[in-house]
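Quick caveat, the model's predicted, so the values are computed rather than measured.
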Amino acid sequence: MTGHLVSVLNGLAMGSLLFAIALGLSLVFGMMDVLNLAHGAVYLVGAYVAVALVADGASLAAFVLAVLLAAVLGAVLGGVLAGLTRATPHHLDQALLTLGVSLVVAETLSVLFGNDVHSIAAPAVAGGSVVVFGETYPVYRLLVIGFGVVLAVAVYVLVERSVLGSVIRATVADRGMVSALGINTGRVLVGVFAAGAALAAVGGVLAGPILGAQPGLDEKVLLLALVVVVIGGLGSVRGALLGAILIGQVQALGTSLLPEYASFLIFAAMGLVLLLRPAGLLPARGAVHA
């Protein structure tokens, strides 16, 4: 196990990023029955914000600025997408609409930044490495793992231990009943959509020093996020976390041990979960099931 410690840590880092990206997608799908195919494009916006501000390495302040700017842009895009999808109630129309938005955003980014692969340096303060149980490991990836832990705790407290979280969970379970109590579920849904998109864009910035930025990355990230959602269960925070950790480990250990089958293993894991638990490992009660 010690020999594969680096792969396990890489899996945790990737799982932390996937949790941030897939959480909003899972809640929106579970609450609104909207498959947001533009979610990967929102992630890519965050990645290119990092390219614009911190591509060659910058101070921690510049990196934090990139995170904040990406969060704002992601929230705005999420709000716009929420409004557009609410105006198109049919699933096929929503899928085509969000796919069209994704293509427009991706093409716009290609025009602005070109089609080259952009590498992004970690902040100088987190650019070194440390020894973990005898293995050298980048400090930045450890910080990404820490971010995932903090995000999971924060989301748990918000969703499970706050009044707002009670409203969100109730909206997932029974939107009609929540509306009957006088709560504006439309605002709740738009807020969740915007927050989820903001997290995806922030994930793009944080993933920049690991994955870089390039055309087509949005499609790969969207596919992984969808796998996480399917495995974890629609509308479930705990499911998104469990699915993200599982896929992160499958991808990292698969790449290390069986590189030629790494991509297959991800979908094999999804197929096994669907076979044993079609609703996902930890689906939210009342969420829309495929």
Side-chain angles (χ1 to χ4, degrees), residues 1-26 29-30 35-37 39-41 43-44 47 102 117 132-133 135-138 140-142 144-145 147-149 151-152 199-200 203-204 206-284 289-290:
M1 186 65 182
T2 304
H4 300 295
L5 177 62
V6 171
S7 295
V8 172
L9 291 175
N10 284 339
L12 290 175
M14 189 64 189
S16 297
L17 294 172
L18 285 176
F19 175 59
I21 297 165
L23 178 60
L25 186 65
S26 177
F29 202 176
L35 179 56
N36 178 20
L37 297 181
H39 204 66
Y43 163 91
L44 198 59
S102 175
V117 177
V132 181
F133 295 109
E135 299 285 347
T136 302
Y137 197 74
Y140 181 78
R141 296 196 180 208
L142 290 176
V144 169
I145 295 173
F147 163 78
V149 173
L151 177 63
L199 276 177
L206 297 179
I210 299 175
L211 301 177
Q214 59 181 307
L217 186 59
D218 55 324
E219 299 172 3
K220 297 177 182 178
V221 168
L222 175 63
L223 188 59
L224 287 174
L226 288 172
V227 171
V228 169
V229 170
V230 170
I231 288 177
L234 300 179
S236 171
V237 174
R238 293 180 299 167
L241 178 60
L242 179 60
I245 293 174
L246 178 62
I247 290 304
Q249 293 299 330
V250 169
Q251 184 180 46
L253 290 174
T255 301
S256 174
L257 300 175
L258 299 168
E260 65 274 21
Y261 299 112
S263 298
F264 169 78
L265 291 175
I266 292 174
F267 295 102
M270 182 181 70
L272 181 62
V273 170
L274 285 175
L275 182 64
L276 299 177
R277 292 183 63 86
L281 296 175
L282 295 170
H289 299 305

**Asked** If you take all heavy atoms of Val229 and Phe29, which pair is closest and at what distance?
**Response** CG1-CD1, 4.4 Å

**Message:** As an exercise, state the distance from OG of Ser263 to CG of Leu224, rounded to the nearest 0.5 Å.
**Reply:** 9.0 Å

**Request:** Enter the distance from Leu226:CG to Leu37:CG here, rounded to the nearest 0.5 Å.
**Result:** 7.0 Å

**Asked** Minimum heavy-atom separation for Pro283 to Arg277, with atom names?
**Response** CD-NH2, 4.3 Å

**Item:** Heavy-atom pair with the smallest gap, counting every atom of Ala252 and Ser7
**Value:** CB-O, 3.2 Å

**Message:** As a quick check of understanding, evaluate side chain to side chain contact (heavy atoms under 4.5 Å, CB included) for Phe264 and Leu258, giving each step before the final call.
**Reply:** CA-CA 10 Å; Phe264 169 78; Leu258 299 168; over 6 Å; no

**Prompt:** If you round to the nearest 0.5 Å, how far is CG of Leu217 from OH of Tyr43?
**Reply:** 4.5 Å

**Asked** Step by step, would you call Met14 with Leu211 a side chain to side chain contact (heavy atoms under 4.5 Å, CB included)?
**Response** CA-CA 10 Å; Met14 189 64 189; Leu211 301 177; 4.3 Å; yes

**Asked** If you round to the nearest 0.5 Å, how far is CZ of Phe267 from CG of Leu272?
**Response** 15.0 Å

**Message:** Is any side-chain heavy atom of Ile266 closer than 4.5 Å to one of Leu223?
**Reply:** no

**Asked** With a 4.5 Å heavy-atom cut-off, do Glu135 and Leu9 have their side chains touching?
**Response** no

**Asked** If we only count heavy atoms from C-beta on, is the Leu206 to Tyr140 side-chain gap below 4.5 Å?
**Response** yes

**Check: Ala262 main-chain N/O paired with Gln251 side-chain donor or acceptor under 3.5 Å** = no

**Message:** Using every non-hydrogen atom in the two residues, find where Ile21 and His39 come nearest and quote the distance to one decimal.
**Reply:** O-NE2, 2.6 Å

**Request:** Name all residues meeting the side-chain hydrogen bond (donor to acceptor under 3.5 Å, both in side chains) criterion together with Asn10; count only those two or more places apart in sequence or in a different chain, and write none if there are none.
**Result:** Tyr137, Arg141

**Fill in**
Shortest non-hydrogen pair, Gly203 vs Leu17, comes out as O-CD2, 4.2 Å

**Message:** Donor-acceptor pair, distance only, cut-off 3.5 Å: does the side chain of Ser16 make one with the backbone of Leu12?
**Reply:** yes

**Message:** For the CG atom of Leu25 and the CG atom of Leu199, what is their distance to the nearest 0.5 Å?
**Reply:** 12.0 Å

**Asp218 and Leu222: CA distance, side-chain angles, deciding distance, side chain to side chain contact (heavy atoms under 4.5 Å, CB included) verdict** = CA-CA 6 Å; Asp218 55 324; Leu222 175 63; over 6 Å; no

**Separation of Leu44 CG from Glu219 CD (nearest 0.5 Å)** = 9.5 Å

**Message:** Under the criterion side chain to side chain contact (heavy atoms under 4.5 Å, CB included), I'd like the reasoning laid out for Val230 against Val273: C-alpha separation, chi angles, the key distance, then a yes or no.
**Reply:** CA-CA 9 Å; Val230 170; Val273 170; over 6 Å; no

